[in-house]
2 protein chains.
Amino acid sequence: MPMPVRDLMRAINRAKIIQIIRTAGLVSRVELAAESGLSKASVTGITAELIKEGLIIEKQSGEYEGGRRPKLLGLNPDGAYVVGVNLSIMEINVVIMNLEADIIANTSQPLENRHYSVDEITELMVTTVQTCMWEGNFARDRISGVGIGVPGPVYTNSGIIRFLPNYGWENVNLRDRIEARLGLPCFIDNSSNTLAAAERWFGEGKGIDNFLVVTLLNGVGLGIVINGHIYRGAEGIAGEFGHNIIIPDGPLCRCGKKGCVESFAGMISLIRDAKAAAAAGKWQPADIEAITFDSLVAELKSNNKIIIDIFNQAGTILGRGASHLVALFNPSRIIVTGTSVKAGRHLLEPFKAALANNTPEMCGSIDDLVFVKEWTDEQWARGAGSLALQELYKSPVSELTTD
Amino acid sequence: MPMPVRDLMRAINRAKIIQIIRTAGLVSRVELAAESGLSKASVTGITAELIKEGLIIEKQSGEYEGGRRPKLLGLNPDGAYVVGVNLSIMEINVVIMNLEADIIANTSQPLENRHYSVDEITELMVTTVQTCMWEGNFARDRISGVGIGVPGPVYTNSGIIRFLPNYGWENVNLRDRIEARLGLPCFIDNSSNTLAAAERWFGEGKGIDNFLVVTLLNGVGLGIVINGHIYRGAEGIAGEFGHNIIIPDGPLCRCGKKGCVESFAGMISLIRDAKAAAAAGKWQPADIEAITFDSLVAELKSNNKIIIDIFNQAGTILGRGASHLVALFNPSRIIVTGTSVKAGRHLLEPFKAALANNTPEMCGSIDDLVFVKEWTDEQWARGAGSLALQELYKSPVSELTTD
DNA sequence: CCAATTAATTCAATTATTGAATAAACCAGC
DNA sequence: GCTGGTTTATTCAATAATTGAATTAATTGG
């Protein structure tokens, strides 16, 4: 389904204009012309089209600069809505969000600690979306698309989940099932990439073209943004940072190898180590079985040295791994996000220190290391929603094969 | 200097046509239309332009398929010539090559084992190019561009060499000096990227969009090809694979850290280890000081266990490092090239084995591992020439900022 | 030598961009 | 309150590229 070459130029320029408006926030037509390289005439035409479609609106008048005051254009927050759905070990999270990433409604569906079948998850996702739509008082036809984030590698084009460790799924096309049930365009990717999409659209990656997003979730992942696009590799499974082996005789990971980043720094691993330490009598939790990540964060707050050591080690491993990322990708920025940022300095300081210690000077600066401060569970779903936005507004330039 | 948007479409389509012709070799106008998505009318127009400019020619008639036989178009091998210049520890290598990577002339200038100044290297490069042109009986105006490869990180846009370990240079603009002297468009990049350009244009990366080129030279480097383009990162210094630390308490590397890939597997390191082993009496070379890489390859052939062990270790470290590359980039292919491939199986088998052992199954296949068989020193310069070709025929698509 | 078939070109129509001219909007100062 | 100067935005004819349809060219088999 290649776009007719004839329409390409318009599509490219439309995308260019949208992109500038999105990163600038508020911008006049004259500035758009200057920034895009297009003539004022073209900008007038394209913006008229976008306004007619409801994607952008004239928001306010700009500052007086000696003559007619510019009308500042901005995204129409209500120009489109998307649904974000994220699957994690704990729950299914659903949000409805607008073009400015405001969350209009959100619903979550807790999951039990057992293996679910594909049919069960499909059913739960669909009903949770429906509930969320009901609560947000939304009709289906106001939704432009649905983004789905899952904790495992995905072939994004076909929509097939290659492998889902939590439930032992292999080669499952969850996207098509959901799409068939909802009747809306659906996109699926692993959660690291959806979080990267969110950072690129709304977060710390806005306006930056080359950056990395390290995601500290149950596993450890990496979203790679290159030239403004999520890089997925040949088979769509790039970014398995969590399975870079750092200590060859380290703990066994669910990937089958020993000592990879995730085997130290994934939430699952942190909890495992904390439980092992408790079982060995190094500390006394109320109930070993009831240890959760949040309870460990509480232990950190109360200065439990054993737990602090576990997090320090995880941070150090992460930093050592990240030094490879710096050398290989030379990113403008590394953004660290995910549930585990809640651990705060006990994880992040050793991360930073190990990164600095293990990165040769010649590999460039590592100043731009950003830790996302606040993590709430709805960010997962927001990431998934961003994926839908990104796919919906993708510039056709990205489809051109180039040289 | 952004291209006027008006001319963009033509430029894109021209580049698209050239690209298809280059990868296909011989192709009819009808096939070009089908492949490019353009109409036959446009293809006629664009190819007429390209033929007039001498870039492509009608090479022969195609097979009879029931009607008029197609005229097959191909690159005009004499449509353009470029010069490639490579700087290594040993010598300056210069070639003149055509659009089919045939080497028309080549000249090399041995270097002494000492620090050269920028002026000296500039002078030597210019005179070597001039000698090569004389020998090839080439006039300056037949050369479209000059590519320069150097063994160190380069800011390609500005042409500034960030750092050249061999001679202790920092922030030197060699490109502008050469350009001023030769009066031809010059491009500069580190040798790993020029070798990647060569693989992309003429070698094992032809027609592949996402692959990695591991370069085993005095140091260890990495050329990263993403979406058909060399990826250079935010500051232009991506791909420092050689300085990924594998064994934190390993040998000291010239990068200042210990135990990085290069500290085991760079040619310099291999020679260092062989000399140390000789000094420790583990083997008896004729003259310790005279040990070169080629003499070590000879030792491998005569089954010197000590030397074999050194190469095995290097291969294993490379494989362990490469497993990270597979997990992070999910490349279609990994191409291994550079002087050290001359070491053959003693280096490459352990490489392959360690890669297999250290790559989790979930990170995808690693079947497509290609070792460039024959390495000759002129390949360095050919890589540099490919860089010039790549820059000269770059599609304007690559300049568009996208989303 | 003609019919059938495929390749390539020509040509008028369409469409997007553009520079220049025009219109609109706005403030300052008289 | 109105005029002048200035900046923003739109209009409009000209330009250039693509396209589908029609035409021409080339080729072989019967």
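A note on names: the letters A, B, ... follow the listed sequences, proteins ahead of strands, and every chain is numbered from 1.
- The only member of B:Thr47, B:Leu72, B:Asn76, B:Ile51 that meets side chain to side chain contact (heavy atoms under 4.5 Å, CB included) when paired with B:Glu58 is B:Ile51.
- Checking side-chain atoms of A:Glu100 against main-chain N and O of A:Pro77 turns up no donor-acceptor pair under 3.5 Å.
- Rounded to whole Å, atom P of D:dT10 lies 14 Å from atom CD of A:Glu49.
- Sequence order on DNA chain D of the closest nucleotides to A:Glu31 and B:Leu38 puts A:Glu31 first from the 5' end.
- Atoms NZ (B:Lys40) and C1' (D:dT23) sit 11 Å apart, rounded to a whole Å.
- Remark: B:Arg10 is in phosphate contact with D:dT18, judged by side-chain N or O atoms under 4.0 Å from OP1 or OP2.
- Out of D:dT11, C:dA25, C:dA8, the shortest distance to the side chain of B:Ser28 is found at C:dA8.
- For C:dG19, neither phosphate oxygen OP1 nor OP2 lies less than 4.0 angstrom from any side-chain nitrogen or oxygen of A:Ser39.
- Computed from coordinates, the A:Ile12 CD1 to C:dT15 C1' distance equals 15 Å when rounded to whole Å.
- The side chain of A:Ser42 contributes no N or O atom lying less than 4.0 Å from OP1 or OP2 of C:dA16.
- Among the nucleotides D:dT8, C:dT6, C:dC26, the one closest to the side chain of A:Arg69 is C:dC26.
- When the side-chain nitrogen and oxygen atoms of A:Asn13 are compared with OP1 and OP2 of C:dA16, none of them lie within a distance under 4.0 Å.
- Atom C1' of nucleotide D:dT24 and atom CZ of B:Arg29 are separated by 14 Å, given to the nearest angstrom.
- Between A:Ile56 atom CD1 and D:dA9 atom C1' there is a gap of 14 Å when expressed in whole angstrom units.
- Distance alone, capped at 3.5 Å, places no donor-acceptor pair between the B:Lys16 side chain and the B:Leu38 backbone.
- Considering only side-chain atoms of B:Arg68, the nucleotide from D:dT28, C:dT9, D:dA25 that sits closest is D:dA25.
- Among the nucleotides C:dT18, D:dT19, D:dA9, the one closest to any side-chain atom of A:Ala41 is C:dT18.
- Judged by distance alone, with hydrogens and angles left aside, the side-chain atoms of A:Arg22 form no donor-acceptor pair with the main-chain N or O of A:Ile17 at under 3.5 Å.
- Contacts of B:Ser61 with the nucleic acid, taken as non-hydrogen atoms under 4.0 Å apart, are absent.
- Nucleotide D:dA25 holds its P atom 23 Å from the CD atom of B:Glu65, rounded to whole Å.
- Between A:Lys16 atom NZ and C:dT17 atom C1' the separation is 12 Å, expressed in whole Å.
- Although no hydrogens or angles enter the test, the distance criterion places no donor-acceptor pair under 3.5 Å between the side chain of A:Arg69 and the main chain of A:Ser61.
- What separates CD of B:Gln60 from P of C:dA7 is a distance of 16 Å, to the nearest Å.
- Closest approach to the B:Val30 side chain among D:dT8, C:dA7, D:dT18 is made by C:dA7 (side chain taken as heavy atoms from C-beta onward).
- Between B:Gly67 and B:Thr44, the residue anchored nearer the 5' end of DNA chain C, judged by the nucleotide with its closest heavy atom, is B:Gly67.
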